[in-house]
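Notes follow once the structure below has been shown.
Atoms within a ligand are numbered from 1 in the order they appear, just like the ligands themselves.
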Amino acid sequence: MNKIVEVLPDKAALIARSQEVVLNQIQGAIQERGRCTIALAGGSTPKPLYEAIATQDLPWDKIHVFWGDERYVSPEHPDSNQGMARRAWLDQVTFPAVNIHPMPTDGTTPAADAQKHEAQLHEFFGTKAGDFPSLDIILLGIGDDAHTASLFPQTEALQVQDQLVTVGNKDGQPRITFTAPLINHARCVIFLVAGANKQPALAQIFASAADSLTYPARLIQPQGELWWLLDKSAGQQLKS
Ligand code: 6PG
């Protein structure tokens, strides 16, 4: 694993740097493999990044978008991660509909939709059950509780090692989430973290020893590149 930690002076600088890193990764993937597969983070932090990417003139037909997690709501719901990314980016450019691979949330149960998305990923990547495809880029955030994607502290999702996708649980609310092993198979994982409220979680995530089931972002140790892009409010106390 190649870990890079950068602390940027403020949120605007964090978004500008994040755009630079993401665009470099997108262009590298397209040059090397003819396409880029990128999983988006939800929440609020990455929204301005998606808006910035939408201003670029990129070969959208060579980019495939996935999500690292999804709230179990319709895309029209204000909480939808899919809806946020569509409004901020995908609807603003000529992005081919077939290149957008949302997590289904309209099935009979969250578990059924997690299995459905697992099958969709295996079909897209040409992998079979038991294999883990490598996405080019997975964007992530962290919560104040050090969750990432929808891998929340002390939940069953943290223990899932043999699936690509599973059901997350936030205070009883179901989520669909990539599993830690799928995230760890990515070529490049990029955490975007802003705000002083994330300092305590970061301290535990970066600590030499702490419980990964309590601080789930510690589970993310990808075989490829690991980027931590932080604004000063979040990262100023860190010793990387
Ligand atoms: C989600 C995200 C989640 C998010 C963190 C940080 O569905 O909410 O995937 O993991 O990245 O909760 O959220 P903020 O960026 O809003 O702080």
Side-chain angles (χ1 to χ4, degrees), residues 8 10-12 14-15 17-19 22 38-53 65-89 101-105 110 113-114 117 135 137-155 157-158 160 164-180 182-184 186 189-205 212 214-220 222 226-235:
L8 286 307
D10 53 34
K11 178 78 179 287
L14 169 64
I15 296 304
R17 178 65 177 140
S18 304
Q19 182 187 16
V22 170
I38 179 171
L40 305 183
S44 57
T45 304
K47 185 168 181 281
L49 169 61
Y50 303 155
E51 290 166 341
I53 294 173
V65 164
F66 303 80
W67 278 262
D69 72 318
E70 185 57 274
R71 290 81 180 274
Y72 203 64
V73 295
S74 76
E76 294 72 35
H77 191 284
D79 289 350
S80 170
N81 290 337
Q82 178 192 167
M84 182 273 274
R86 283 182 183 274
R87 287 188 297 276
W89 169 13
H101 309 272
M103 291 181 155
T105 58
D113 277 330
H117 196 51
L135 278 84
I137 307 165
I138 296 181
L139 302 180
L140 294 172
I142 62 166
D144 297 3
D145 60 359
H147 82 262
T148 191
S150 281
L151 301 169
F152 288 91
Q154 307 299 343
T155 58
L158 305 185
V160 177
L164 309 184
V165 184
T166 194
V167 178
N169 178 331
K170 176 179 185 176
D171 307 330
Q173 295 302 314
R175 301 279 192 93
I176 310 289
T177 186
F178 279 5
T179 60
L182 176 59
I183 296 170
N184 285 332
V189 173
I190 303 172
F191 280 96
L192 258 59
V193 185
N197 57 309
K198 303 291 173 75
Q199 278 185 21
L202 282 169
Q204 295 296 336
I205 293 162
S212 296
T214 305
Y215 306 106
R218 291 178 65 88
L219 295 170
I220 307 309
L226 174 59
W227 291 75
W228 283 91
L229 299 177
L230 317 168
D231 74 354
K232 191 174 177 185
S233 300

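- Contact annotation: the side chain of Ile15 approaches that of Lys11 to within less than 4.5 Å [non-hydrogen atoms, C-beta and beyond].
- Between Glu76 and Ser74, the side chains place a donor N or O and an acceptor N or O closer than 3.5 Å (distance only, hydrogens not considered).
- The backbone N or O of Pro104 sits nowhere less than 3.5 Å from a side-chain atom of Glu70 that would complete a donor-acceptor pair.
- No donor-acceptor pair under 3.5 Å is formed between the side chain of Asn81 and the backbone N or O of Ala41.
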Hey, what polar pairs (N/O, under 3.5 Å) does ligand 1 make with protein?
{"unit_1": "ligand 1", "atom_1": "7 (O)", "unit_2": "Asp69", "atom_2": "OD2", "d": "2.9"}
{"unit_1": "ligand 1", "atom_1": "7 (O)", "unit_2": "Arg71", "atom_2": "NE", "d": "2.9"}
{"unit_1": "ligand 1", "atom_1": "7 (O)", "unit_2": "Asn81", "atom_2": "ND2", "d": "2.9"}
{"unit_1": "ligand 1", "atom_1": "7 (O)", "unit_2": "Arg175", "atom_2": "NH1", "d": "3.4"}
{"unit_1": "ligand 1", "atom_1": "8 (O)", "unit_2": "Arg71", "atom_2": "NH2", "d": "2.8"}
{"unit_1": "ligand 1", "atom_1": "9 (O)", "unit_2": "Gly42", "atom_2": "N", "d": "3.4"}
{"unit_1": "ligand 1", "atom_1": "9 (O)", "unit_2": "Asp69", "atom_2": "OD1", "d": "2.6"}
{"unit_1": "ligand 1", "atom_1": "9 (O)", "unit_2": "Asp69", "atom_2": "OD2", "d": "3.0"}
{"unit_1": "ligand 1", "atom_1": "10 (O)", "unit_2": "His147", "atom_2": "NE2", "d": "3.3"}
{"unit_1": "ligand 1", "atom_1": "10 (O)", "unit_2": "Ala149", "atom_2": "N", "d": "3.4"}
{"unit_1": "ligand 1", "atom_1": "10 (O)", "unit_2": "Ala149", "atom_2": "O", "d": "2.7"}
{"unit_1": "ligand 1", "atom_1": "12 (O)", "unit_2": "His147", "atom_2": "NE2", "d": "2.9"}
{"unit_1": "ligand 1", "atom_1": "15 (O)", "unit_2": "Ser44", "atom_2": "N", "d": "3.3"}
{"unit_1": "ligand 1", "atom_1": "15 (O)", "unit_2": "Thr45", "atom_2": "N", "d": "2.9"}
{"unit_1": "ligand 1", "atom_1": "15 (O)", "unit_2": "Thr45", "atom_2": "OG1", "d": "2.7"}
{"unit_1": "ligand 1", "atom_1": "16 (O)", "unit_2": "Ser44", "atom_2": "N", "d": "2.8"}
{"unit_1": "ligand 1", "atom_1": "16 (O)", "unit_2": "Ser44", "atom_2": "OG", "d": "2.7"}
{"unit_1": "ligand 1", "atom_1": "17 (O)", "unit_2": "Lys198", "atom_2": "NZ", "d": "2.7"}

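- Partners of Asp69 according to the salt bridge (charged side-chain N to carboxylate O under 4.0 Å, His left out) rule, which considers only residues two or more places apart in sequence or in another chain, are Arg175.
- Ring-plane geometry between Trp228 and Phe191 is classed as parallel, the angle between the planes falling under 30 degrees on a 0 to 90 degree scale with a further cut at 60.
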